[in-house]
S.K.: 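I'd like to ask you about the structure that follows.
Every number for a ligand or one of its atoms is a count from 1 in the order of the listing.
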Amino acid sequence: MTYPKHNLAELAEQANERLCDAPAPEIMRWAADTFGARLCVTCNMADAAIVHLAAQVLPGVDVVFLDTGYHFAETIGTRDAVAAVLPVNLINLTPRQTVSEQDAAYGPRLHERDPDRCCALRKIEPLERGLAGYDAWITGLRRDESPTRAATPVVGWDAKRGKVKISPIAGWTEADLDTYIAEHGVLVNPLRFDGYPSIGCAPCTRRVADGEDARAGRWAGLGKTECGLHT
Ligand code: SF4
């Protein structure tokens, strides 16, 4: 069923009131029953917990991966393993320009000089293009990841994109995530065991020291904390 946009915003608000304390599988079930094929999952391949959860209730679900051209080899390997072992339809979204073409147009290492522009070109535009055919998207956002994510609702209205945004594990802690991964044998990016609790593009991600915030390694020293996908 396709919903008019004004009904989607209302639907999101009502669902969030009802599901704000529900277990993640119940939220996922509601999403699958409500949107069916008009729903996709986005995943950065730091781990595949959100994909695993979705695949249980909606086998064949579309999983969108933003292939920026700057990922670690381990992230690409995790993406390929997810596509191989889980019953999902992996959609690899690429920017309009290759890294070489972007370098020719804007100069090399745009990520150092203007990371907001780089993220706009390599993440935000491809995501907006990729989401065009859906009414709702699922994310693996958790409130405990950073102060900028502390108010993440389980079901929200993404007014900028005109989509329902569903975050079934918003209320999970990192320990909850680790438990789910261990209990279900979920694929994990090997970098998570090598000092990278949060994983983005290689030029903009560094290891974090013991006691540092999980996202301290993202855009370190650049005064940037989010790529713009979730703000
Ligand atoms: Fe560019 Fe860094 Fe953003 Fe990746 S995270 S798109 S390399 S600025």
S.K.: Are Asp135 and Arg38 ion-paired here, with the side-chain N under 4.0 Å from a carboxylate O?
M.R.: yes
S.K.: So, Cys118 and atom 1 (Fe) of ligand 1: N/O/S under 2.8 Å, yes or no?
M.R.: yes
S.K.: What atoms of ligand 1 come within less than 4.0 Å of a heavy atom belonging to Tyr70?
M.R.: 7 (S)
S.K.: Near Cys201, which atoms of ligand 1 are under 4.0 Å from a heavy atom of that residue?
M.R.: 4 (Fe), 5 (S), 7 (S)
S.K.: Rounded to the nearest 0.5 Å, what separation is found between the SG atom of Cys40 and the OH atom of Tyr134?
M.R.: 5.0 Å
S.K.: Suppose we screen for side chain to side chain contact (heavy atoms under 4.5 Å, CB included). Which residues come up paired with Leu58, at least two apart in sequence or across chains?
M.R.: Ala32, Leu39, Val61
S.K.: Tyr180 vs His52 aromatic rings, parallel, tilted or perpendicular, using cut-offs 30° and 60°?
M.R.: perpendicular
S.K.: With heavy atoms of Cys204 as the reference, note each atom of ligand 1 found under 4.0 Å away.
M.R.: 2 (Fe), 5 (S), 7 (S), 8 (S)
S.K.: Charged N to carboxylate O under 4.0 angstrom, Arg218 versus Glu145?
M.R.: no
S.K.: Can you name the side chain to side chain contact (heavy atoms under 4.5 Å, CB included) partners of Thr94, sequence neighbours left out?
M.R.: Asp67, Asn92
S.K.: Identify, by atom number and element, the atoms of ligand 1 in contact range of Pro115, meaning under 4.0 Å from any of its heavy atoms.
M.R.: 8 (S)
S.K.: Do any of the N, O or S atoms of Cys119 sit under 2.8 Å from atom 4 (Fe) of ligand 1?
M.R.: no
S.K.: Arg122 heavy atoms, cut-off 4.0 Å: which ligand 1 atoms fall inside?
M.R.: 6 (S)
